[in-house]
Amino acid sequence: MRILSTRFEQSEFAPVSFETLCFHICLYLQQQLTPDFYAASCPQLESIVAEQVYQASLTDPRMPASLLRLHFHDCFVNGCDGSVLLSGNEQLAAANLNSLRGFDVIANIKAAVEEACPSTVSCADILALTARDSVVLASRPSYNPGWTVVFGRRDSLTASEAAADADLPGAFYNVAQLNDNFAKVGLSPKDVVVLSGAHTFGRVHCSVLDGSLYPTVDPLLNTAYASQLESSCPNGGDTATVNNLDPVTPNTFDNQYYRNLQVGKGTLYSDRILFNTTGKSQDLVNQFAPYFASDQFFYEFGVSMMKMGNISPLTGSEGEIRKICSQPN
């Protein structure tokens, strides 16, 4: 077993501000999410999940990015309630269909957790923990991008394709649209830039890139990189072909993403526009881009992930604890 827990401690880049501390204390009190929620009922939870994520990554280096994306797409639609895992429904939304992956890994994790702790740990909490472990696993050994995961979420009974179509941000959103979309779930313009840093690993289908290449190439794209994408995604070609979101370190969670944006190598329009819009988003890209800023980025990413993980969770007697993540009990 590969033990990952030693890298989950908070980065020492910066002290927690009074504002941030109060924010998280209020969330814990109001929403009943705590780091030790399963300390007595399922103490082996974190080691089980860490091992399962590690095993999945051995055969599929894309998997950590895919698992992180599942948590994001879950939380942005009616809160972090595991609804994205229910078969059909949200999985059929335009941003998810033939795109979201990793459901089999989550099913395996849930089965292992159920064997150890029956009817105890929610699928929503498994998504939150799996996202953190995926980031840690995909980072370089000397880096520390971990954050504290709080637990106590419960699972929804239903899911909504229409809500997913309405609430998930689009790949061709501009900065104003991204800010408005994130604001609807209580996230800030800073969170937009920080969480977009998740595009430092993972893949994207040609179907998403066609609008940046044809009939004319987006002028924000680096010319050489545009030619590379055109070669991978010829006009009228296979739209299911996948391309690296980060052409430099495609499977590593680092801050290379921001350096890519500075030279026109953001793969998605919604990424490129962050650097090409004067103001806060451009300033933050420049702030996170230097090699020496990796600790700062990891710290801020952890703070933003904790905020995202607290979007409208079901707690207490709300919802249920699913036995199988793809279907209600």
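Note that the numbering runs from 1 along the sequence shown for the chain. The shown structure was predicted, so the numbers you read here are calculated from the model rather than taken from an experiment. Computation of the quantities below employed the complete heavy-atom set of this structure, encompassing side-chain atoms and omitting hydrogens, waters and symmetry-equivalent molecules.
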- Message: For a quick check under 3.5 Å, do Gln256 and Asn260 share a side-chain donor-acceptor pair by atom type?
- Response: yes

- Considering only heavy atoms from C-beta outward, does the side chain of Thr239 approach that of His205 to under 4.5 Å? no

- Over all heavy atoms of both residues, which pair between Val175 and Ser281 is shortest? Give the atoms and the distance, please. CG2-OG, 3.9 Å

- Contact check, side chains of Ile321 and Thr120, non-hydrogen atoms, under 4.5 Å: no

- Message: Treating Gln282 as the side-chain partner and Gly279 as the backbone partner, does any N or O pair qualify as donor plus acceptor under 3.5 Å?
- Response: no

- Query: Do side-chain atoms of Asp254 reach the backbone of Ser294 as a donor and acceptor pair under 3.5 angstrom?
  - Reply: no

- Task: Answer yes or no: is there an ion pair linking Asp191 with Lys307, defined by an N-O contact shorter than 4.0 Å?
- Result: yes

- Message: Parallel, tilted or perpendicular, judged at 30° and 60°: which one describes the rings of Tyr258 and Phe288?
- Response: tilted

- Task: Please list, chain by chain and in numerical order, all residues satisfying ring-ring contact (aromatic ring centres under 6.0 Å, His included) with Phe201, sequence neighbours excluded.
- Result: Phe253

- After noting the C-alpha distance and the side-chain angles of Arg203 and Asn244, does the key distance pass the side chain to side chain donor-acceptor pair (under 3.5 Å) rule? CA-CA 5 Å; Arg203 311 287 191 273; Asn244 295 324; 3.0 Å; yes

- Message: Can you confirm whether the side chains of Gln52 and Asn108 place a donor and an acceptor under 3.5 Å from each other?
- Response: no

- Message: Side chains of Ser99 and Asn96: any donor to acceptor distance under 3.5 Å?
- Response: no

- Report yes or no: is the cationic atom of Arg153 (NZ for Lys, CZ for Arg) closer than 6.0 Å to the six-membered ring centre of Phe37, at no more than 45° off its axis? no

- Mark yes or no for whether Asp155, through its side chain, and Arg322, through its backbone, hold a donor-acceptor pair below 3.5 Å. yes

- Message: Looking at Lys184 and Asp167, is any side-chain nitrogen of the basic one under 4.0 Å from a carboxylate oxygen of the acidic one?
- Response: no

- Above 12 or not: heavy atoms from other molecules or residues under 6.0 Å from CD of Gln327? yes

- Indicate whether the side chain of Glu51 and that of Gln55 have a donor and an acceptor atom separated by less than 3.5 Å. yes

- Please check if the side chain of Asn174 supplies one atom and the backbone of Gln177 the other of a donor-acceptor pair under 3.5 Å. yes

- Item | Residue pair Ala226 / Leu213: nearest heavy atoms and the distance that separates them | O-CD2, 4.1 Å

- Note on the structure: Nearest heavy-atom approach of Ala289 to Asn255 is O-ND2, 3.6 Å

- Message: Would you say Ile48 ends up clustered with Ile126 if hydrophobic residues are merged whenever their side chains have heavy atoms under 4.5 Å apart, either directly or through other cluster members?
- Response: yes

- Message: Between Gln91 and Leu97 (side chain of the first, backbone of the second, donor and acceptor by atom type, cut-off under 3.5 Å), is there such a pair?
- Response: no

- Query: Between the main-chain N or O of Gly202 and the side-chain N or O of Arg62, is there a donor-acceptor pair closer than 3.5 Å?
  - Reply: no

- Check against side chain to side chain donor-acceptor pair (under 3.5 Å), Arg272 and Ser212: CA-CA 11 Å; Arg272 296 189 295 276; Ser212 292; 2.8 Å; yes

- Task: Using a 4.5 Å cut-off on heavy atoms from C-beta on, say whether the side chain of Val121 contacts that of Glu114.
- Result: no

- Item | Asp283 atom CG, over 12 foreign heavy atoms within 6.0 Å | yes

- Message: Looking at Arg101 and Asp60, is any side-chain nitrogen of the basic one under 4.0 Å from a carboxylate oxygen of the acidic one?
- Response: yes

- Item | 4.5 Å side-chain heavy-atom contact, Asp125 and Tyr38 | yes

- Query: With side chains defined as the heavy atoms from C-beta onward, is the minimum distance between Ser156 and Leu314 less than 4.5 Å?
  - Reply: yes

- Query: Phe72, Val208: one ILVMFWY side-chain cluster at the under-4.5 Å cut-off?
  - Reply: no

- Message: Any heavy-atom pair between the side chains of Tyr225 and Gln228 that's under 4.5 Å?
- Response: yes

- Task: Quick one: closest heavy-atom pair of Ser134 and Pro64, and the distance?
- Result: CB-O, 3.3 Å

- Note on the structure: Heavy-atom nearest pair, Gly309 first then Leu33, reads O-CD1, 4.3 Å

- Task: Report yes or no: do Arg259 and Thr249 form a side-chain donor-acceptor pair below 3.5 Å?
- Result: no

- Task: Please check if the side chain of Arg132 supplies one atom and the backbone of Trp147 the other of a donor-acceptor pair under 3.5 Å.
- Result: yes

- Quick one: does Leu168's side chain get under 4.5 Å of Asn181's, heavy atoms only? no

- Task: Tell me yes or no: between the side chains of Asp271 and Tyr257, is some donor less than 3.5 Å from an acceptor?
- Result: yes

- Message: Exactly one of Glu90, His71, Arg69 should register a side-chain contact (heavy atoms from CB on, under 4.5 Å) with Val84. Which one does?
- Response: Glu90

- Query: Do Leu221 and Tyr214 belong to the same hydrophobic cluster, where Ile, Leu, Val, Met, Phe, Trp and Tyr are linked whenever their side-chain heavy atoms lie under 4.5 Å apart, directly or via other members?
  - Reply: yes

- Task: Tell me, with the steps shown, if Ile311 and Leu187 meet side chain to side chain contact (heavy atoms under 4.5 Å, CB included).
- Result: CA-CA 9 Å; Ile311 296 173; Leu187 298 177; 4.3 Å; yes

- Task: Report yes or no: does Asn222 contribute a side-chain atom to a donor-acceptor pair with the main-chain N or O of Val263 at less than 3.5 Å?
- Result: yes

- Task: Say whether, by atom type as modelled, one donor and one acceptor occur between the side chain of Ser304 and the main chain of Phe301 under 3.5 angstrom.
- Result: no

- Query: Between the side chain of Ser139 and the main-chain N/O of Val136, is any donor-acceptor distance below 3.5 Å?
  - Reply: yes

- Smallest heavy-atom separation, Phe76 atom then Pro169 atom, equals CD2-CD, 3.9 Å

- Message: Using side-chain heavy atoms (C-beta onward) and a distance below 4.5 Å, is Phe151 in contact with Glu46?
- Response: yes

- Please round to the nearest 0.5 Å and tell me the distance separating atom OG of Ser312 and atom CD of Glu318. 10.0 Å

